[in-house]
Amino acid sequence: MPTPEPVRTDFRPLTQADFAVPAHLLARRLIGCLLLVRDGPDVAGGIIVETEAYLGIHDRASHAFAGRRTARNQSMYGPPGLAYVYFTYGMHHCLNVVCADVNVPAAVLIRAIQPTVGLHLMQTRRQGPLPERRLCAGPGRLCQALGISLVDDGRRFGGSRSRLSVGMPDVKMDNSRAIRTTRIGVDYAGSWASRPLRWVLAGSPWLSRSPHS
DNA sequence: TTGCAGATCATCT
DNA sequence: GATGATCTGCAAG
């Protein structure tokens, strides 16, 4: 019989102004923030420990490279503070936070969280039991654990009663250990592949991959 | 611990 | 028809 954890909703949600910054700044800012996803009475989420910035039309690794605008990526062109959720490899969803400005297709991919809220629910969704460090370590795993799918594409990150919310916890994690590394899985992107646009909380056991592997 | 192959399908060319 | 902002299990070292 699992012990229910307290549901923490005591945090300051980020506002549209917080999201209206370039992706590399938001990627840094999100490290240490709390991400929560509600599903009726259920809540799941945790502390963001790994992000990647996708800068826009000049970023070869971005879905919006060269101004590409399709049915899939149109959320990227929306106002800051939307979710851009896409489906890939035939089985995985990935969650991004749209930032910058309307018609500027920049976004931050959430790659890993330290799960803190709704652990039992996340284990169920992931068909666990799994070691906690594998529960939300990777963009696909994270979406599965949080129950995120294409129905969340274009949804707004709102206040603590919204389905999606992200914000500063009342006791903010020390993110002075946030460091930059290169992004994962974008080897095809030429010189953009070697740009340090991935942020991780150094030494965190919850990362999808260590910075030096 | 590391590396590879297979799964599986929306999206784009 | 090819590909991918991935994950998993298994085999090899």
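The figures here come from the full heavy-atom set of this structure, side chains too, leaving out hydrogens, waters and symmetry mates. So you know, we letter chains A, B, ... as the sequences are listed, proteins then strands, and number each from 1.
- Look at A:Arg198 and you won't find any side-chain N or O under 4.0 angstrom from OP1 or OP2 of C:dA5.
- Using a 4.0 Å heavy-atom cutoff across all strands shown, A:Arg183 reaches no nucleic acid atom at all.
- Residue-level contact check: A:Arg60 touches neither bases nor backbone, having no heavy atom under 4.0 Å from any strand.
- Relative ring orientation between A:His63 and A:Tyr86 is described as perpendicular, the plane-to-plane angle rising above 60° on a 0-90° scale split at 30° and 60°.
- With hydrogens and angles left out, the side chain of A:Tyr86 and the base of B:dA10 share no donor-acceptor pair within 3.5 Å.
- Note on A:Arg111 versus A:Glu52: salt bridge recorded, some NZ/NE/NH1/NH2 to OD/OE distance being below 4.0 Å.
- Between the side chain of A:Arg125 and the backbone N or O of A:Ala145, at least one donor-acceptor pair lies under 3.5 Å.
- Side-chain proximity of A:Tyr54 to C:dA5, C:dT8, C:dT6: nearest is C:dA5.
- In this entry the distance linking CZ of A:Phe87 with P of C:dG4 reads 16 Å, nearest Å.
- For DNA chain C, if you chain together Watson-Crick or G-U pairs that step i with j, i+1 with j-1 and so on, the runs of at least three with distances under 3.5 Å are B:1-7 with C:6-12, B:9-12 with C:1-4.
- Closest contact between the side chain of A:Arg111 and the listed nucleotides B:dA7, C:dT6, B:dT13 involves C:dT6.
- Dashed line: the shortest gap from a side-chain N or O of A:Arg209 to OP1 or OP2 of C:dC7 is not under 4.0 Å.
- Residue whose closest nucleotide on DNA chain C sits further toward the 5' end, between A:Arg72 and A:Gln144: A:Arg72.
- Protein atom CG of A:Leu207 is 17 Å distant from nucleotide atom C1' of C:dC7, rounded to whole Å.
- Under the stacking criterion of a centre-to-centre distance below 5.5 angstrom and an interplanar angle below 30°, A:Tyr89 sits stacked against the six-membered ring of C:dG4.
- A:Leu142 has its CG atom 12 Å from the P atom of C:dT8, to the nearest Å.
- Taking the charged nitrogens against the carboxylate oxygens, A:Asp18 and A:Arg12 do have a contact shorter than 4.0 Å, which makes a salt bridge.
- The nearest whole Å value for the distance from the NE2 atom in A:His24 to the P atom in C:dA5 is 22 Å.
- A:Arg60 contributes no side-chain N or O that, together with a main-chain N or O of A:Tyr188, makes up a donor-acceptor pair within less than 3.5 Å.
- Side-chain polar atoms of A:Gln114 and A:Ser204 form no donor-acceptor pair below 3.5 angstrom.
- For the side-chain contact (heavy atoms from CB on, under 4.5 Å) with A:Leu35, the qualifying choice from A:Leu164, A:Leu95, A:Ile47 is A:Leu95, the only one to do so.
- As rounded to whole Å, 9 Å separates atom P of B:dA10 from atom CG of A:Leu150.
- Of the candidate nucleotides C:dA5, B:dC9, C:dT8, C:dA5 has the atom nearest to the side chain of A:Tyr188.
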